[in-house]
Each structure stands twice: as C-alpha cells, then as structure tokens.
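Only this structure's heavy atoms are used, side chains among them; waters, hydrogens and symmetry mates stay out. Indexing begins at 1, ligand by ligand and atom by atom, following the structure's order.
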Amino acid sequence: MGDGKHRMGERVMASNGVLDARERSATLSRLATERFDVLVIGGGITGAGAALDAASRGLRVALVEARDLASGTSSRSSKLIHGGLRYLEQLDFKLVYEALRERDLLVSKLAPHLVKPVPFLYPLYKKVVERPYVGAGLALYDAMEGTRRPVPHHRHLTARGALKLAPGLSPERLAGAMRYYDAQVDDARHTLTVARTAAAHGAVVATRVSAVELLRGADGSRVTGARVRNEETGHEVTVTAEAVVVCAGVWTDLVHELAGVRAGYRVRMSKGVHIVVSREALQAETGVIVRTEKSVLFFIPWGERWIVGTTDTDFSGDRSEPVATEEDVDYILAAANRVLVRPLTRADVIAVYAGLRPLVAAPQGNGAKGAKPTTKVSREHVVDVPVPGLASIAGGKFTTYRLMARDVVDAAVADFGRAVPASVTDQVPLLGADGLAAVRAGAGRLAEDYQVPRATVEHLLDRYGALAGEVLDLIRADPGLAQPLADGHPYLRAEVVYAVTHENALHVEDVLMRRMRLSIESADSGTGVAAEVSTIMGRLLGWSRRKRAAETGRYLDLVAAEQTAVVGSATVPGTVLASATAG
Ligand SMILES: Cc1cc2nc3c(=O)[nH]c(=O)nc-3n(C[C@H](O)[C@H](O)[C@H](O)COP(=O)(O)OP(=O)(O)OC[C@H]3O[C@@H](n4cnc5c(N)ncnc54)[C@H](O)[C@@H]3O)c2cc1C
C-alpha cells in the first residue's frame, strides 16, 4: 500500500471520475502497490456496478477488465431498461417488479441523461383473446411501477389508432394495439459512466488487464487477491485484496477454474442477434414489440436507425467474438416481415451484432442434452461464495445491475469481521446526472457561449449529461474539434479526444465500437474514419506513424473478419453486413 499522503492524493485525483488513458502506468502501479478491500474482476455492467457499490460504501476498490469496459455482453444488448413483459408471462413477478423499480430509479434520479422513456406499440392480432390478456399484463406492469410514475401508463388503441402511430405495420389481421412505455439506454456508455462514477468514489479502474491467477493466503483457505496481466505488454503484477468479486459474465466458469473452485452454478451461454436498419425501413413513431413463436421481436428506435431483434439460441463457440450467422439474420427478417407492409430484405441491413447472455444453470445442466431452451431459463441472478474471500455472480439483466452489484458486494464483505455500511447506490446519481435539469435548461446559452449549434449541445447533453461542458471546453481550446467526425453522424472530433482523456479509450475500436456506436450506426462500420480517429488518439497517446497505421489496420481487420463471418455464405450478393463485434 502507498503511504497515506500518496493515497489521499490519488483519491483526490480520482475524485472527478476522470479515466485518462494517458495515466495508464500510474493506474497499474496503484494496482500493484495499494492494498484493496475488494478486487472486482470484469468491467461489464455488473463489475462496474459492483465497483461503484463497494467504493460508495467507503471501501478501497480495484476493478480489472481484460479488454475494454463493456466489450463483452454489456455493449451488445437490446439496450432496453425494462421490466420484461415476457417474464410476466413466465410468472417471474419478482424479476419484473424489481426491474421496473430499477427502471424508474434510473429514469428519474440515477441516470436521467442516459436512460430515457421510450413508447412501444404492441399490435394485437386476435382481438377477443389477446386484448384482455395483454391488457391485464400491462395493467399489472403499470401497477408494479408503484406510485411515482416517471414513465407514462399504457393505453388501448384501435387498429386505426395503431396505424396512425405506425403506418409501416401491415393492416392485415391487425385488430388493435396497446401502447406502453419502457426505457432505453446506450448500454456501453452507461457501463462506462458507472465505472467512472466508481472512480469518482476512489475505485482504481484498469482496462486490458486480465486476472490470470487467484491467490490464496498462507493456509490456502482464503482467496487474497489475484495475479493480473497487462494485456498491452504481458507484464504481470499481484493485486492484494481482502475479497475478490467475480463479475465475468460468460467467462465466469473460466475464472472459477482459475481459482480451482467448483461454484454452485454454471453459466449457460445464449446468443442473441440484432440487425440495424434505417428509420425509413419502418414508418412508425414508436417502438414496436411483436410476439414470435418462441419469444418476442423488438423494433427499437435508435437515433436515425432501428435496432431489430433478437434471437435466443444456445451457444458454445468463441465467447470473445460471437458472430451472427445467416440463419440468425434470416430469422429476424422473417419474423419482422410477418407484420410489415414493406418487407425488409438483406439489402436493408446496415449492421448486425451478436451478444451472449450469461444465464445461470445448475452445474450438471450446462450444455446437457435435453436442457431447457434458453428462452425459459431464469433471468434472475445467483450469488455464490465458493471459497472464503471469493464471491461471484451471474445471470440477471442489465436493468437490474444495481441490485446484482449490491448482492455480490454484500456476500463479499459478509466475513470481513467489521461493520461495512449497507449499499447506498440508490442515492448515488451517476456522473452527469447531478445538475442536469439546470444545464439542460441553459442549453441555448451554452450554444451561444461556445458558438456551437444548439443541436450539438443537445447531442452532448444526451451522452454526457451535466458534464457536456467538459467536451465543449475542448472545443473552446481547439475549435477544429467542433467538426463532425463522420458525415451524417452527430459525433464530434472533440469526443475522440474526450474518449482518451476522460473515458480510458486505448484503441481505435474502443472509440468506434463503444464510446461512439459508429460500428453499428454507419453503413461502413466506421472504417472510413478509423485513420482519422487513430491520428487524433495518436497525438494524445504518443503513437508513432507506424503505430497509428497498425491501429487503423487493427480496426479494419476486426470489421473485415466480422463481415466475412456474416457474409461468407450470403446468398444475396452486395449485402452490407457490418461488424458483429460491437453493439
Ligand atoms: C442479445 C442480448 C440482449 C439483451 N438485452 C437486454 C435488455 O434489453 N435489457 C436488459 O436489462 N438486459 C439485456 N440483456 C442482458 C444484459 O446485457 C446482460 O445481463 C449484461 O450485459 C451482463 O453484464 P455482465 O457485466 O454480467 O457481463 P459482461 O458485460 O460480459 O462483462 C463481463 C466482463 O468480464 C471480463 N472478463 C472476463 N474474464 C476476465 C478476467 N479473467 N479478467 C478480467 N476481466 C475479465 C470480460 O472481458 C467482460 O467485459 C441482453 C443480453 C443479450 C445477449
């Protein structure tokens, strides 16, 4: 552990939640020299949430993420913060109740800049049977929300009313619709913001650092930290902690193996694929949710695009880069086309992405023949303490990450032998939430002060909340940074700089796939601006010309590999299917 003075200094330095990629070596040396109460393995939403939960209880926390924050499942979800209507049907009332409470807390208090209400239309095709059934479900959904109602209630619509809101739906067989509200989020940005908020409470957050071995105390009974590897250099150091918390998603079983423990559950991987299409592909003012044979299909508004999905199939391939297959894409197109006036074709597809749900299964059930289909496996989370000093968690949903984090930290600190405060994260707004209303109200003045269009300020407020001024300050210092990065997209060059200086972006793909979402939003997956991003990053990170070219090449290779994987056997030539590594 560093001396008290040094640690205080570091904590103050970290107190604004800046994750500066240029400070990487200082961060890594803190990992090696300080003594932590809790070491979190995994920088998806669960790990970022656990780091924030523990740090905001006053604990000394380190978080190591093997790749980039949110590079696993937490950037590849449907991006909904929702109760999950279909879990009602599975009678999973507890999950729905908790998720709705979390949704409302995020929308109203913890992250109003990131989590926004979104309306959905639920078309009805069997009037007599469906309306009372779905209506009752939605009434229950609304009732579970409680009395605060930050999200409007559902409404019944006639077929005519439904078509007015969504003329792109086929009128054939349409008997009416329900309109209800849920919420949506940029999952990668939310995860990053939770990690930054953890850093603001003193957590040391290190990316591209893998846990490669779990350490035991002298008598071998307790886990006392981990050996971690800097994935950029191969250099290894020891991190000492009173407890290790495993939030490794679909990698959880592998981390349990590192520890030589057999946990009370295994993780079953279920692949979910989404396609991205332009807003013109479906004329509708609201999102749409339709029933499919196995589950539901969402049309989710996403800026100038729709995200459409998802699938739910057992998976056993490479968990680092799950790819969508032709069958996945065809399944989504066929399910969508059942309800659309103008059928979608492969030519409409701008991008495809795949993610892996870390579902919990009993040890013997994992991958076994005759196992339950993954659509029916519970989305609730499970916490286990397989050996003293090691707590692990899996399952759950993005929406319930705060509760998952609380539960796993509770388990980790249970045998500390001293009082640890209870979780306070229901009272800890994420960075950018504090003061948001006033900053939003003053958007016009900000635009004038910084001499940028009002739309630019709105764009920044949506992504950074009350911290938008930090990006605007970069523009004031260098007006060239106000230029858009890519034609037709709202991202600014200043945001590339900010990604490095405040958001710990170390590689071009960190920027194009997660700090921004050009990899899934742009028809060329952001390849056209990769060199420009590399140049901007290179200036800050001291990259040589060769390193800049290598970084650009690395991004192009990533995208190309994914396109080959998806388009490899495509039957329709000319289809543009972009990177499946993002989203
Ligand atoms: C297709 C799909 C759609 C979904 N839609 C929704 C939705 O709309 N709403 C919702 O609420 N939920 C949704 N979910 C679920 C939600 O996305 C996941 O539950 C959540 O993102 C899981 O987060 P996590 O942190 O547990 O895992 P991950 O995000 O995968 O994080 C685990 C991290 O651990 C790291 N790691 C692994 N091993 C090590 C190691 N040895 N050392 C260091 N780091 C390590 C990995 O690199 C990874 O970043 C969806 C999931 C999928 C797949």
Response to the item:
The atoms of ligand 1 lying under 4.0 Å from a heavy atom of T310, numbered in the order shown, are 1 (C)
Practice prompt. Answer yes or no: does atom CD of E232 have more than 12 heavy-atom neighbours from other residues, nucleotides or ligands under 6.0 Å?
Written response: yes
Item to complete: Write out the residue and atom name of the closest protein heavy atom to atom 40 (C) of ligand 1, then the distance separating them to 0.1 Å.
Response: I41 CG2, 3.7 Å
Worksheet entry | D330 bridged to R346 by N-O distance under 4.0 Å | yes
Discussion item. Under 4.0 Å between a side-chain nitrogen and a carboxylate oxygen: does that hold for K116 and D462?
Written reply: yes
Item to complete: Considering only NZ, NE, NH1 and NH2 on the basic side and carboxylate oxygens on the acidic side, decide whether E327 and K271 come within less than 4.0 Å.
Response: no
Worksheet item: If we ignore angles and hydrogens, is there a donor and acceptor under 3.5 Å between the side chains of S77 and D187?
Response: yes
Discussion item. Quiz question: by atom type and distance under 3.5 Å, do the side chains of E521 and W302 form a donor-acceptor pair?
Written reply: yes
Worksheet item: Does the side chain of S78 pick up a donor-acceptor pair with the side chain of H274 at under 3.5 Å?
Response: yes
Item to complete: Taking the six-membered ring for Trp and the single ring otherwise, decide whether the centroids of H190 and F398 are under 6.0 Å apart.
Response: yes
Worksheet item: Which atoms of ligand 1 sit under 4.0 Å from any heavy atom of G42?
Response: 33 (C), 34 (O), 35 (C), 44 (N)
Worksheet entry | Residue, atom name and distance, where the atom is the protein heavy atom closest to atom 23 (O) of ligand 1 | S74 OG, 3.1 Å
Item to complete: Starting from atom 27 (O) of ligand 1, find the nearest protein heavy-atom neighbour and note its residue, name and distance.
Response: G249 CA, 3.7 Å
Worksheet item: Could an N or O of ligand 1 be found under 3.5 Å from any N or O of I45, whether backbone or side chain?
Response: yes
Fill in: Residue portion contacting ligand 1 (non-hydrogen atoms closer than 4.0 Å) for L356
backbone
Worksheet entry | 4.0 Å heavy-atom contact, M404 with ligand 1 | no
Worksheet item: Between E98 and T400, do the side chains contain an N or O donor and an N or O acceptor separated by less than 3.5 Å?
Response: no
Worksheet item: What part of K271, side chain from CB on, backbone N/CA/C/O, both or neither, has a heavy atom under 4.0 Å from ligand 1?
Response: neither
Practice prompt. State plainly whether the residues R60 and E242 are in salt-bridge range, i.e. N to O under 4.0 Å.
Written response: no
Practice prompt. Determine, for R208 against D510, whether the closest basic-nitrogen to carboxylate-oxygen distance falls under 4.0 angstrom.
Written response: yes
Worksheet item: Would one find an N or O of L258, backbone or side chain, under 3.5 Å from an N or O of ligand 1?
Response: no
Practice prompt. Could you list which atoms of ligand 1 come closer than 4.0 Å to a heavy atom of L80?
Written response: 7 (C), 8 (O), 9 (N), 10 (C), 11 (O)
Practice prompt. State plainly whether the residues E503 and R189 are in salt-bridge range, i.e. N to O under 4.0 Å.
Written response: yes
Fill in: Candidate with minimal heavy-atom separation from atom 14 (N) of ligand 1, of S77, G43, G83, A354
S77
Discussion item. I need the contact type for A48 against ligand 1. Using non-hydrogen atoms and a strict under-4.0 Å cut-off, is it side chain, backbone, both or neither?
Written reply: neither
Response to the item:
Counting from 1 in the order shown, the ligand 1 atoms closer than 4.0 Å to a non-hydrogen atom of S210 are 42 (N), 43 (C)
Discussion item. Ring centroids only, cut at 6.0 angstrom: are Y265 and H256 within range, meaning strictly under it?
Written reply: yes
Practice prompt. Would you mind listing which atoms of ligand 1 come within a distance below 4.0 Å of any non-hydrogen atom of V209?
Written response: 43 (C)
Worksheet entry | Ligand-side contact atoms (ligand 1) for residue partner V64, heavy atom cut-off under 4.0 Å | 43 (C), 44 (N)
Fill in: G47, S78, A50, G44: member with heavy atom nearest to atom 4 (C) of ligand 1
S78
Item to complete: Flag A211 as yes when one of its N or O atoms lies below 3.5 Å from any N or O atom of ligand 1, and as no otherwise.
Response: yes
Discussion item. For atom 16 (C) of ligand 1, what's the nearest protein heavy-atom neighbour? Residue, atom name and distance, please.
Written reply: F398 N, 3.6 Å
Fill in: Test: D426 and R101 ion pair at under 4.0 Å
no
Practice prompt. State whether a side-chain donor-acceptor pair under 3.5 Å links S392 with D384.
Written response: no
Worksheet, complete the sentence: heavy-atom search around atom 33 (C) of ligand 1 in the protein gives E65 OE1, 3.5 Å
Worksheet item: Under 3.5 Å between some N or O of ligand 1 and some N or O of R357?
Response: no
Item to complete: Specify the protein heavy atom at minimum distance from atom 18 (C) of ligand 1: its residue, its atom name, and the distance to 0.1 Å.
Response: T73 CG2, 3.9 Å
Worksheet entry | Which residue and heavy atom of the protein sit nearest atom 38 (N) of ligand 1, plus the separation | W251 CB, 3.6 Å
Worksheet, complete the sentence: So CD1 of I307 and NZ of K79: to nearest 0.5 Å the spacing works out to 5.0 Å
Worksheet entry | Among D68, V250, T46, closest by any non-hydrogen atom to atom 26 (O) of ligand 1 | T46
Fill in: Taking atom 44 (N) of ligand 1 as the reference point, the nearest protein heavy atom with its distance
A66 N, 3.1 Å
Fill in: Atoms of ligand 1, numbered as shown, that sit under 4.0 Å from any heavy atom of G396
19 (O)
Discussion item. Can you name the atoms of ligand 1, numbered from 1 with element, that are less than 4.0 Å from a heavy atom of H82?
Written reply: 7 (C), 8 (O), 9 (N)
